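One structure below.
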Amino acid sequence: MAIAVASSTLFHFLPASSDPPYEILQTHPSLALLSKCKSIKYLKQVHSQFIKFGLHNTKFALSKLVEFCAVSPYGDFSYALSIFNSIHDPNHVLYNMMIRGYSLSSFPYIALHYYVNMLLFGLQPNSYTFPFLLKSCTKLRVACVGKQVHGHVFKFGLENDVFVHTSLVNMYAQQSNLDDARLVFDKSDFRDAVSFTALITGYISGGRVDDARDLFDAIPVRDVVSWNAMLSGYAQTGQFDQALNLFQEMREAKVTPDVSTLLTVLSACAHLGAIDIGNWVRSWIEEHGLGSNLRLTNALIDMYAKCGNLKLAETFFDGLQEKDLVSWNVMIGGYTHTSNYKDALRIFHLMQRNNVEPNDVTFLNLIPACAQLGSLDLGKWIHAYISRHYNDFPNDSLWNSLINMYAKSGNIEAANQIFYGMKTKNLASWNVMISGLAMHGSANSAFEVFSEMRKEGFQPDEVTFVSLLSASCHAGLVDLGRQCFKSMVQDYHITPQLQHYGCMIDLLGRAGLFDEAMAMIEEMKFEPDGAIWGSLLGACRVHKNLKLGEHVAKQLFKLEPDNPGAYVLLSNIYAGAGRWDDVARIRTFLNDNGMKKVPGSTSIEVDTIVHEFLVSDRSHPATPEIYKMLDEIDRLLAIAGHVPDTSEVNYDVDEEWKEDVLCQHSEKLAIAFGLISTRPGTTLRIAKNLRVCGNCHSATKLISKIFKREIIARDRSRFHHFKDGLCSCKDYW
DNA sequence: CTAGGGTTAG
């Protein structure tokens with residue numbers, strides 16, 4: 001039934017009347033309607049009901065209306081104002097409601113104005129007034145106003161009210177005035193979970209998580225909110241293991257978790273890879289009918305993805321009828337975090353087809369995938385999009401990420417352009433630029449950028465030095481590396497970390513300075529990790545140092561018994577020395593233990609599509625044409641005098657087969673595909689997941705000359721820029 | 001008519 005909508009003029013200047021008995025009002029049927037109100041239109045109908053029943057000029061009904069309009073998310077503040085303004089003599093309840101409404105608004109100072117008016121009209125504030133007023137003061141963040149209101153609490157003798165007391169504690173805690181918060185807190189006899197939690201939150205935001213925990217342990221009766229506050233305190237400070245321990249205690253205490261609890265716990269599981277607790281949370285969610293909660297499902301997707309169960313993550317993702325931006329972003333991020341870059345791109349393309357607008361988080365997850373796959377076309381598209389949308393509100397991380405992407409895609413000029421075009425650079429911008437140059441073997445440029453960085457007043461950190469040392473390493477500049485390491489310690493007071501030693505040992509080993517490299521391992525305070533022994537083993541292979549190689553391999557096996565790469569490297573050293581029995585022994589060992597080498601794969605982007613090739617891959621639709629091109633390449637290589645070196649083949653097989661596998665290494669397949677699918681003269685950009693092998697390196701040099709193509713190849717650790725039969729690494733890698 | 005946590009992804 002449609003009810004005439006009441007205009008606010010109807011109740012202007014109505015004579016004040018005394019309310020009917022409270023009991024009658026409280027059970028009046030029109031009040032039940034108010035709680036069901038979901039829109040301002042419906043509210044006006046309820047208002048008409050009040051008029052119909054003659055309640056419209058009772059203070060009780062009016063304060064109910066004002067409360068709803070000022071506080072409910074479906075309310076309308078201007079409607080609250082017009083009602084309040086129509087009342088000649090508002091009582092303290094009506095004033096309280098206005099104060100409450102403004103305490104929730106973006107103009108909390110107006111609450112103070114109403115408080116002053118209330119006093120001017122001779123009304124006494126009561127125990128309900130101060131919690132609202134103090135909330136406004138909290139929002140205002142003006143310490144002296146809060147102090148004055150605190151004074152009024154004493155003036156009106158309300159300091160012993162639980163709610164007022166807690167509001168005071170909360171206000172001081174939120175204003176980072178922990179001393180006063182503690183003072184008020186300690187003075188009172190009634191410390192319940194609420195005031196404890198207010199103080200705990202203050203300690204947490206002040207970084208004093210352990211003090212917060214002491215308080216938490218002292219709470220007589222903990223409720224969900226106090227558990228959640230402590231849990232999120234641990235989560236905020238990255239102590240996810242502590243958060244999960246606390247959650248375990250919470251379960252033992254039989255406290256029912258709410259949505260906030262579950263969100264915090266799922267995020268902790270995602271960070272720690274704690275899939276068991278994650279599974280428990282999942283079944284809890286399903287048993288309690290929370291499966292349709294979008295935020296929880298997003299958190300579940302994130303948790304499963306970060307724990308490595310991408311399949312289940314995507315099942316939940318697919319099951320979502322209504323996906324929001326976060327759903328898409330966690331799915332893309334999940335794939336990026338677990339190095340499934342092609343899938344990250346796949347989800348993004350799906351997102352595009354569903355007409356969902358990406359945001360900066362989408363790109364922060366997507367750009368590393370482009371970088372890793374060398375997907376320069378998509379990267380350029382993102383760059384253009386970002387220039388359009390974020391130029392006025394620069395997001396440093398986005399630009400840094402783009403610099404990294406261009407550098408990793410071999411386009412150092414574009415990286416430079418963004419870098420020097422940035423209005424504000426942060427430390428990460430400098431670091432990412434220096435590391436990009438290091439990857440390209442441009443040690444000189446890397447050190448030039450470093451001195452610019454110093455001139456602009458930036459203090460390098462340990463990351464900067466990793467990049468500088470690796471630049472020295474890729475260029476084989478032993479003296480420069482030594483100087484840099486020394487300067488890091490003496491001039492910049494940075495204690496060398498394992499990574500810094502790693503770069504130095506790599507540099508020294510690669511230069512054949514094995515004694516110095518071993519001395520450095522002895523000297524450092526850390527136990528060498530797999531990467532260090534691995535780089536030294538690689539150096540032993542290059543310098544054919546069998547004796548040290550065997551020793552180093554032994555150390556590596558101890559650390560990483562399941563890493564087939566170490567065995568393959570040693571096998572290569574044996575093969576180089578012609579010790580085929582040892583090669584066979586290793587192969588048998590690997591086969592018996594079911595250890596498979598990480599398959600080499602190379603990707604190349606043609607017309608925005610990334611094509612990925614494995615060794616001897618025949619899955620590509622253009623396989624016949626690719627292999628035809630491969631034959632042509634081999635024919636021309638042979639004419640140019642290229643003889644494959646078979647010593648690098650890992651397994652003891654027939655010479656003929658060896659050469660065959662060599663010719664079908666993934667990079668050669670990618671290059672063959674690039675040659676047949678792009679116009680003559682186009683630069684080919686390929687990205688390999690492992691290190692480039694010697695054969696492919698010398699073959700690619702020749703290919704660049706024979707086919708007159710620049711080939712920019714990225715391997716696991718650096719770039720090779722092939723042109724006119726030469727490589728930018730000067731055959732040193 | 002009242003106070004405390006939570007705004008996800010990087």
Side-chain angles (χ1 to χ4, degrees), chain A residues 26 59-60 62-68 70-72 91-101 103 125-135 138 158 161-171 173-174 181 185 190-202 204-205 212 215-216 219 222-233 235-236 257-264 266-267 270 293-303 305-306 324-334 336-337 358-368 395-398 400-401:
Chain A
Q26 221 180 2
K59 291 281 182 334
F60 181 82
L62 289 172
S63 59
K64 282 287 177 194
L65 278 174
V66 170
E67 177 193 6
F68 182 85
V71 177
S72 156
N91 63 9
H92 60 274
V93 178
L94 279 155
Y95 268 106
N96 285 350
M97 281 310 120
M98 291 309 282
I99 293 170
R100 185 183 180 196
S103 79
N126 63 6
S127 63
Y128 290 88
T129 313
F130 282 103
F132 304 139
L133 199 55
L134 289 165
K135 195 187 194 79
T138 308
L158 292 164
D161 180 90
V162 198
F163 288 93
V164 176
H165 174 253
T166 307
S167 301
L168 278 168
V169 174
N170 184 53
M171 180 188 72
Q174 299 254 347
F185 177 83
F190 35 82
R191 283 172 296 196
D192 61 357
V194 186
S195 56
F196 264 105
T197 309
L199 192 57
I200 285 171
T201 315
I204 289 170
S205 47
L215 274 170
F216 178 79
I219 306 180
R222 286 173 275 265
D223 60 11
V224 206
V225 181
S226 31
W227 285 96
N228 286 351
M230 199 60 232
L231 281 171
S232 86
Q236 278 165 35
D258 66 5
V259 173
S260 304
T261 321
L262 300 172
L263 287 171
T264 310
L266 282 174
S267 141
N293 184 312
L294 183 59
R295 285 184 56 193
L296 276 175
T297 311
N298 286 342
L300 270 178
I301 295 169
D302 189 41
M303 183 276 293
K306 296 240 171 75
D324 67 358
L325 187 55
V326 177
S327 322
W328 291 98
N329 286 347
V330 290
M331 201 61 239
I332 293 172
T336 300
H337 279 291
N359 70 353
D360 50 345
V361 179
T362 319
F363 293 128
L364 282 171
N365 286 319
L366 201 59
I367 297 171
N395 179 335
D396 289 346
S397 311
L398 267 183
N400 292 346
S401 184

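Per chain, numbering begins at 1; letters A, B, ... match sequence-line order. Predicted model only: the values in this text are computed from it and were never measured.
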Taking [atom1] from [X] and [atom2] from [N], how many angstroms apart are they, rounded to a whole number?
{"X": "A/M331", "N": "B/dT8", "atom1": "CE", "atom2": "C1'", "answer": "16 Å"}
{"X": "A/M97", "N": "B/dC1", "atom1": "CE", "atom2": "P", "answer": "8 Å"}
{"X": "A/K64", "N": "B/dC1", "atom1": "NZ", "atom2": "P", "answer": "4 Å"}
{"X": "A/L296", "N": "B/dT7", "atom1": "CG", "atom2": "P", "answer": "11 Å"}
{"X": "A/I200", "N": "B/dG6", "atom1": "CD1", "atom2": "P", "answer": "12 Å"}
{"X": "A/I204", "N": "B/dG5", "atom1": "CD1", "atom2": "P", "answer": "10 Å"}
{"X": "A/M98", "N": "B/dT2", "atom1": "CE", "atom2": "P", "answer": "17 Å"}
{"X": "A/N298", "N": "B/dT7", "atom1": "CG", "atom2": "C1'", "answer": "13 Å"}

Just checking [X]: base, sugar-phosphate only, or nothing, at a heavy-atom cut-off of under 4.0 Å?
{"X": "A/R295", "value": "base"}
{"X": "A/V330", "value": "sugar-phosphate"}
{"X": "A/S127", "value": "base"}
{"X": "A/A173", "value": "nothing"}

Considering only side-chain heavy atoms of [X], which listed nucleotide, [options], is closest?
{"X": "A/P131", "options": "B/dG5, B/dT2, B/dG4", "answer": "B/dT2"}
{"X": "A/D360", "options": "B/dA9, B/dG10, B/dA3", "answer": "B/dG10"}
{"X": "A/V326", "options": "B/dG4, B/dT8, B/dC1", "answer": "B/dT8"}
{"X": "A/N96", "options": "B/dA3, B/dG4, B/dC1", "answer": "B/dC1"}
{"X": "A/L364", "options": "B/dG10, B/dG5, B/dC1", "answer": "B/dG10"}
{"X": "A/S226", "options": "B/dG5, B/dC1, B/dG4", "answer": "B/dG4"}
{"X": "A/N126", "options": "B/dG6, B/dG10, B/dC1", "answer": "B/dC1"}
{"X": "A/Y128", "options": "B/dG5, B/dC1, B/dA9", "answer": "B/dC1"}
{"X": "A/N365", "options": "B/dA9, B/dA3, B/dG10", "answer": "B/dG10"}
{"X": "A/H92", "options": "B/dT2, B/dA9, B/dC1", "answer": "B/dC1"}

Identify the heavy atoms of A/A181 and A/V169 that sit nearest to each other, and give their distance.
->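 Of all heavy-atom pairs spanning A/A181 and A/V169, the closest is CB-O, 3.8 Å.
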Closest heavy-atom pair and its distance - A/V330, A/N298 |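 For A/V330 and A/N298, the tightest heavy-atom pair comes out as CG2-O, 3.9 Å.
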Looking at [X] and [N], is any side-chain donor or acceptor paired with a base atom of the opposite kind under 3.5 Å?
{"X": "A/D192", "N": "B/dG4", "result": "no"}
{"X": "A/D258", "N": "B/dG5", "result": "yes"}
{"X": "A/S167", "N": "B/dA3", "result": "no"}
{"X": "A/S195", "N": "B/dG4", "result": "no"}

Heavy-atom donor-acceptor pair, [X] side chain to [Y] backbone, under 3.5 Å:
{"X": "A/D302", "Y": "A/A305", "result": "no"}
{"X": "A/S226", "Y": "A/R222", "result": "no"}
{"X": "A/S267", "Y": "A/L263", "result": "no"}

Is any side-chain nitrogen or oxygen of [X] closer than 4.0 Å to OP1 or OP2 of [N]?
{"X": "A/Q174", "N": "B/dA3", "answer": "no"}
{"X": "A/S63", "N": "B/dC1", "answer": "no"}
{"X": "A/H337", "N": "B/dA9", "answer": "no"}
{"X": "A/K306", "N": "B/dA9", "answer": "no"}

Is there a donor-acceptor contact under 3.5 Å linking the side chains of A/N359 and A/T362?
->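 A donor-acceptor contact under 3.5 Å links the two side chains.
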Do A/N365 and A/N329 have side-chain N/O donor and acceptor atoms under 3.5 Å apart?
->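 There is no such pair (donor and acceptor under 3.5 Å, judged by atom type) between the side chains of A/N365 and A/N329.
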